[in-house]
**Q** 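I'd like to ask you about the structure that follows.
Below, chain A is the first sequence line, B the second, and so on; all start at residue 1. Treat the numbers as computed from the prediction; the structure is a model and nothing was measured.
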Amino acid sequence: MSTDLPLYERIYAVVCLIPPGKVTTYGHIARLVGGCSARMVGYAMAATPDGRGIPWQRVINRKGQISPHGDGYGTVMQRAILEEEGVDFNANGCVDFTKTGWFPEQLP
DNA sequence: AGATTGACTGCAT
DNA sequence: CATGCAGCCAATC
């Protein structure tokens with residue numbers, strides 16, 4: 001496998017495979033990458049430099065909500081981007097996984 | 001080289 | 001039913 005690249009680089013690759021208008025959870029990303037836990041995905045996302053075309057905003061927690069990291073500024077922006085993508089949010093700020101959830105069993 | 005942290009998750013209370 | 005605690009492993013200081 002491509003163990004040559006840092007772990008987060010592989011995570012970015014999986015995140016880039018998420019189609020627009022769809023969202024997934026950290027745990028599922030970790031499963032697709034294999035050999036890492038949800039914490040690694042979260043850490044990778046926090047270290048993801050914006051500008052590489054990485055749809056990090058399509059990765060949310062298993063509750064279907066956006067994780068309130070930092071001061072919460074980026075969190076609000078993330079939801080705005082997802083709404084632009086066509087993701088539907090509930091009154092609780094939760095995403096409907098039955099409509100916008102992307103959970104492939106393995107990489108295409 | 002060692003210690004700390006972190007966008008999470010699942011199970012227990 | 002809601003909240004708390006421990007486990008996960010790599011990256012950073």
Side-chain angles (χ1 to χ4, degrees):
Chain A
M1 295 300 267
S2 313
T3 52
D4 288 27
L5 298 174
L7 186 66
Y8 46 87
E9 287 288 346
R10 295 205 282 159
I11 293 172
Y12 298 160
V14 176
V15 173
C16 285
L17 295 175
I18 304 174
K22 299 284 183 173
V23 291
T24 188
T25 65
Y26 297 93
H28 200 91
I29 295 291
R31 190 166 109 151
L32 294 176
V33 174
C36 71
S37 56
R39 276 241 135 92
M40 307 298 77
V41 180
Y43 188 83
M45 293 293 99
T48 300
D50 54 326
R52 294 195 153 184
I54 303 173
W56 56 271
Q57 63 274 15
R58 292 176 193 153
V59 185
I60 57 183
N61 60 21
R62 84 164 195 97
K63 301 177 200 169
Q65 299 185 281
I66 301 173
S67 302
H69 63 96
D71 46 11
Y73 174 75
T75 310
V76 177
M77 182 180 70
Q78 180 171 8
R79 175 178 165 162
I81 297 170
L82 290 176
E83 290 184 309
E84 284 287 309
E85 296 285 324
V87 178
D88 183 49
F89 281 78
N90 292 332
N92 295 326
C94 299
V95 183
D96 189 350
F97 285 124
T98 59
K99 290 172 55 178
T100 54
W102 183 75
F103 302 100
E105 297 182 3
Q106 58 189 284
L107 300 179

**Q** Could you pull out the closest heavy-atom pair between A:Ile60 and A:Gln78, with the gap in Å?
**A** CG2-NE2, 4.0 Å

**Q** In whole Å, I'd like the distance from the CZ atom of A:Phe103 to the C1' atom of B:dT9.
**A** 14 Å

**Q** Rounding to a whole Å, what distance do you find between A:Arg31:CZ and B:dG10:C1'?
**A** 15 Å

**Q** Let's see if you can work this out: which of B:dA7, B:dT9, C:dA10 has an atom nearest to the side-chain heavy atoms of A:Leu7?
**A** C:dA10

**Q** Just the rounded figure in Å: distance from C1' of B:dA7 to CG of A:Asn61.
**A** 8 Å

**Q** What is the distance from CZ of A:Arg62 to P of B:dC11, rounded to the nearest Å?
**A** 9 Å

**Q** Roughly, in whole Å, what's the span from NZ in A:Lys63 to C1' in C:dT3?
**A** 11 Å

**Q** Take a 6.0 Å sphere around CD of A:Glu83 and say whether it holds more than 12 heavy atoms from other residues, nucleotides or ligands.
**A** yes

**Q** Between A:His28 (NE2) and B:dA7 (P), how many Å, whole number?
**A** 22 Å

**Q** Side-chain contact test, heavy atoms from C-beta onward, threshold under 4.5 Å: evaluate it for A:Val59 versus A:Ile11 and give yes or no.
**A** no

**Q** In whole angstrom, what separates A:Ile11's CD1 from B:dG6's C1'?
**A** 13 Å

**Q** Between A:Tyr8 and A:Ser37, name the one whose nearest nucleotide on DNA chain C is closer to the 5' end.
**A** A:Ser37

**Q** Specify the separation, in whole Å, of atom CE of A:Met40 and atom C1' of C:dC9.
**A** 4 Å

**Q** So which heavy atom on A:Cys94 is nearest to which on A:Lys63, and how close?
**A** SG-O, 4.3 Å

